[in-house]
Amino acid sequence: MRTALVYHEEMTAARLLWDDPECEIERPERLTAAVERLQQGGLEQRCLQLAAREASEAELGLVHSPEYVSLLRGTQALSTEELQALSGQYDAVYFHPSTFHCARLAAGAALQLVDAVLTGTAHNGFALVRPPGHHSQRAAANGFCVFNNVAIAARYAQKQHGVRRCVGAAVGWGLRRTESGGVGCSETPCGALLCRGGLLAPRWEAQPLSGLCTPYPRILIVDWDVHHGQGIQYIFEDDPSVLYFSWHRYEHGRFWPYLRESDADAVGLGPGRGFTVNLPWNQVGMGNADYMAAFLHVLLPVAFEFDPELVLISAGFDSAIGDPEGQMQATPECFAHLTQLLQVLAGGRVCAVLEGGYHLESLSQSVCMVVKALLGDPAPPLLGPMVPRHSALESIQSVRAAQAPHWTSLWQQGSTPTLSLSTFLPERRPSAVSPGEPKCKAAEAQTSAVLSSLLDQLHLYATPPVRTVIALTAPAAALVLPPDVLHQEGSAPREETQAWARLHEALTQDTAFTALGKVLHLLNGILDGQVSSGIATTPAAAPTLEVVLRQGLSHGAQRVFCVALGQLDRPPDLANDGRILWLNIRGKEAAALSTFHVSVPLSGTTGGFLSCILALVLPLAYGFQPDLVLVALGPAHGLQDPQAALLAALLRGPAGGRVLVLVEQECTCQLVGVLARVLHGEPPPSLGPFSMASPDDLQALAHLRGQLGAQWEMLQLLLECRELVA
Ligand SMILES: [Zn+2]
């Protein structure tokens, strides 16, 4: 993976010139600390390093008014007193004589990153910038933000790279909302009207396109900063070509910027309804489980349905542990997981742009985690209990209810969405909390102690020297692999292979025996920490899988998450002691045979398949916290190659990248190739046009979540919903 890193040290020039406790946390060390940590970790050197350029005034004008740009230009010549007076006209802002230069570099860095990714110079990247941007508005600085870097980048991407072209029925480049709901359409130069993918959901309707249509690439902006990026929301709130997702500390409106329109029921305006997604956190202390639940149950279902062509991240890290602003608990590696989840969208075209983040250690670690994920490294496993908070589930349920009319992927079988438990206006604007307010020293020291102990644990996780290995029984000349995916030649010792093969007649046959030796060797490499992930073929998937499970447990694995597709039954005498979670995807019935044995049908629609992965497979996998993931594609597994690739890509997360895929030999070379690329960190191919989940799919998932929600808290959405409504 080629990852661009855009930076310029002149962005450290602006700093606060007078006493202001509100603004003092936005300081140059935020950048220098992050850059130093990237260098120490050897990450900067692995990236394509680009020196940021200044955005032109015309580029700033894509979002900001000429008067505002001209006002900012004028700040370069102001005295300290004049700068302080001007700063006082805005909420939580300070200006410095170099602010205009720094802010133009920050916006320019975001544009350079977009250029690099959309021209194919890089696959993805990170722009390390200050001042941040997401609070900035058309004619106003706000919350340390001067120019809205990410919003300018989105508009620039559409203008500079959004060429009108005839794309055929498979890909939509235009998107339009009608009065009565939504419609996804493409406009072509030849004048033909195409519905997105040729498929319309029932409440969507095709209408002739007009000047309202937006012939631009669809852009998803994910704002994981702990503050609401109201600036971005205002700029795109009536625009269906940009989907804006923000989660933010809200506390029922008692946290800065105290806006009614930060709540879940602010969903956008006019044709943009449904394209603003706000997830307000009403308590502090949200952690890894809450953030993962928000992605799995809100952002990703909507994002897959939206099908963006570019993903921009407003990457603020004041939502990470230790930050005095956010007071949240998510650990740095959580941001690697969030990044990995976003990389399966838009062909992996992901551009992260720094926003907030005021605890230097937490900020630097989190930046490193995102860059590692962008480079394709597996994310370290998530620490701590994976149990979402009640308040988080309440917020998630509110936003799902608010967005359900706009997104078919959020419809729920047998539930009537209700708004809104967390929605109410504060009676008056409180003065208790605002950006930069000094916090209690004792609490800060305590948080720092917790943080450093967590970071110590994280350092114990070493990335294996080899990322991906494939072990084939026959040479496959047609196989095209990334250059550093290794072919495994070696096998386990003959005696060891024989000992296992004796258990199953089928494994004593020549080819199956050879395959078993290779599989065991690969498995041992993964469990010993030499190899991160691998793919092996075998003519006898069922007995081989059973041996792998037994060998895995006897070789030190504590918990193995096994996803079996096709004709593969759970071996009856396998230990049912909670060390193996077996999920079978096939058949007609949805059934939880025990807490650790689940069966679900394979859906025939993309919507049904995605719901199964996002609402069942990943919550189970993340909740189980396995140290090894096995994916077995048995006879008649029924998965298309892009589906298998997406499944494998997403299952890199739960066990820190330790994934072994077993493939029945009848499967094609092409499948092995695509699996090797995603395990190596490349994005999976598109699933194709979005089609709604069937009522049967939704019923199966609702049934399983009802049966399993008490044991697996990451699934708990519907249960909690009923409880809350009651
Ligand atoms: Zn922030």
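Just follow the structure's listing: the first ligand is 1, and inside any ligand the first atom is 1.
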request  = May I ask you to check whether over 12 heavy atoms, not counting those of Arg53, lie within 6.0 Å of atom CZ?
outcome  = yes

message = Treating Asn148 as the side-chain partner and Gln137 as the backbone partner, does any N or O pair qualify as donor plus acceptor under 3.5 Å?
response = no

key: Pairing residues for Phe335 by the ring pair (Phe, Tyr, Trp, His ring centres under 6.0 Å) criterion, not counting sequence neighbours   = Trp224, Phe317

ask   = How about His134: does one of its N, O or S atoms come closer than 2.8 Å to the Zn ion (ligand 1)?
value = no

ask   = Between Phe144 and Tyr358, does the ring centroid distance fall short of 6.0 Å?
value = yes

Vertex the Zn ion (ligand 1), rays to OD2 in Asp225 and OD2 in Asp318 - rounded to 10° = 90°

request  = Among the N/O/S atoms of His227, select the one at the shortest distance from the Zn ion (ligand 1) and name it.
outcome  = ND1

